[in-house]
Amino acid sequence: MKFVYSPEYHADIGLHVFPTEKYDRIYKQLQREGLIKDGDVLFPERPSDEQLLRVVSREYLDDLVNYRLTARTYPSEMPVKKDIIDAQLLCCGGSHLAAITALEHGACFHNGGGFHHAFADHAEGFCYLNDVVFTAAMMIEHGIERIAVIDCDLHQGNGTAKFFHDEKRVFTFSMHQEHLYPAKQKSDLDIGLRNGVGDDEYLELLGGALEKIFGGFCPGFVIFLAGADPYVFDQLGSLRLTVDGLSKRDELVIGKAFEGDTPIIAVLAGGYAENVDDTVEIHCNTARVMAKRQKTRS
Ligand SMILES: [Zn+2]
């Protein structure tokens with residue numbers, strides 16, 4: 001299975017709920033299992049400023065590349081530091097590289113990305129740059145007409161929803177805990193879940209939404225945010241999905257794309273389990289589902 005990753009994603013952010021060590025741990029675990037081999041791993045490059053300016057304002061990009069603490073970078077809830085901002089710049093290149101790879105190979109796993117709270121003119125919620133927005137915008141340039149963003153992170157993909165609000169070629173779907181950060185934007189389809197929703201209800205609602213999206217919008221490309229934070233032992237949320245339930249979620253989304261031969265990328269997004277092992281396992285499961293599907297098809 002094709003796998004996009006960079007050791008530079010592991011930035012030192014000090015004491016923080018975001019476990020940046022997850023990237024290396026997922027990579028090593030999947031290597032140990034033989035799921036990814038050396039030839040499968042693709043390393044991203046930082047996009048050019050010209051490319052980035054298609055999705056962020058000049059003022060905001062200047063703040064970012066100069067690592068300046070301003071009203072635009074301050075709301076990130078992350079330190080305004082070179083390593084961290086560079087990692088997210090690189091992640092934009094990573095999701096884009098995954099997308100190009102998926103066009104050729106049908107699917108690609110990006111061991112990073114999903115920074116869906118970043119806006120065109122400011123940071124928010126651990127996110128400086130929205131790699132999902134960047135990738136969808138680049139796919140439009142590649143001539144892909146219908147792109148579906150299937151955002152199953154615990155939190156609403158507010159930055160993505162806002163950016164593509166008037167863009168008919170991108171369908172934004174977010175399924176999230178309703179009474180939680182962030183202030184909501186309007187996606188094309190939102191499912192705001194009450195606290196305490198578990199596997200069965202979640203999977204039923206997701207299945208219905210996927211029917212609507214694949215039956216109505218008929219995507220030519222799918223960007224799947226496979227957040228690990230709807231998990232029952234997540235520190236930031238109150239949904240109650242199990243590790244097994246989250247893997248079934250991945251099976252539903254990735255399976256649906258494979259059934260229709262729709263190229264798909266999966267990106268990690270959030271995950272703040274009390275035990276980082278659980279976050280790593282949930283993300284590895286997404287990769288395992290994708291690899292299994294790809295093996296069955298080939
Ligand atoms: Zn999240």
Side-chain angles (χ1 to χ4, degrees), residues 9 11 13 16-23 26 75-78 84 87-88 91-92 94-95 110-119 122-135 149-163 172-185 187 189-199 202 205-206 209 223-243 245-247 249-250 253 265-276 278-286:
Y9 289 170
I13 57 174
H16 197 284
V17 71
F18 194 104
T20 54
E21 73 267 32
K22 73 179 182 179
Y23 304 116
I26 294 163
S76 70
E77 299 176 55
M78 285 275 191
I84 302 166
Q88 292 199 20
C91 251
C92 285
S95 288
H110 181 200
N111 185 29
F115 293 104
H116 57 170
H117 301 309
F119 288 78
H122 71 278
E124 233 191 77
F126 312 158
C127 305
Y128 282 113
L129 283 148
N130 194 324
D131 57 291
V132 177
V133 162
F134 179 74
T135 302
V149 176
I150 297 180
D151 189 335
C152 293
D153 188 85
L154 169 75
H155 303 92
Q156 196 213 24
N158 57 336
T160 315
K162 168 88 173 173
F163 191 89
T172 53
F173 166 55
S174 179
M175 187 162 171
H176 48 265
Q177 185 182 328
E178 181 66 21
H179 299 294
L180 188 67
Y181 168 86
K184 307 292 179 290
Q185 298 287 335
S187 312
L189 178 60
D190 282 298
I191 298 182
L193 303 164
R194 66 179 196 291
N195 294 6
V197 165
D199 291 347
Y202 186 98
L205 287 167
L206 176 61
I223 302 173
F224 172 35
L225 285 83
D229 45 8
Y231 179 46
V232 59
F233 296 120
D234 195 87
Q235 298 174 82
L236 300 189
S238 304
L239 297 184
R240 302 191 57 82
L241 273 76
T242 63
V243 172
L246 285 160
S247 183
R249 169 200 70 177
D250 300 339
V253 177
I265 64 167
V267 301
L268 300 191
Y272 315 94
E274 289 160 16
N275 184 345
V276 181
D278 294 349
T279 299
V280 169
E281 178 68 5
I282 292 163
H283 288 314
C284 282
N285 277 339
T286 309

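The figures that follow rest on heavy atoms only: side chains count, while hydrogens, waters and symmetry mates do not. This is a predicted model, so every value here is computed, not measured. When a ligand or atom number is given, it counts from 1 through the structure's own listing order.
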Check: Taking only residues two or more places apart in sequence, or in another chain, which ones meet Leu180 in a side-chain contact (heavy atoms from CB on, under 4.5 Å)?
Finding: Leu154, His155, Gln177
Note to self: Between His116 and the Zn ion (ligand 1), is there a contact where an N/O/S atom of the residue lies under 2.8 Å from the metal?
What the structure shows: no
Checklist line | Rounded to 10 degrees, the angle ND1 of His155 makes with OD2 of Asp153 at the Zn ion (ligand 1) | finding: 100°
Item checked: Set of residues satisfying side-chain contact (heavy atoms from CB on, under 4.5 Å) with respect to Ala226, sequence neighbours excluded -> Phe224, Arg249, Asp250, Thr286
Checklist line | Identified side chain to side chain contact (heavy atoms under 4.5 Å, CB included) partner of Tyr231 from the options Ile282, Thr242, Leu241 | finding: Ile282
Notebook entry, point to check: Do you know which N/O/S atom name in Asp229 is closest to the Zn ion (ligand 1)?
Noted result: OD2
Checklist line | Residue of the set His116, His176, Glu124 for which side chain to side chain donor-acceptor pair (under 3.5 Å) holds with Asn158 | finding: Glu124
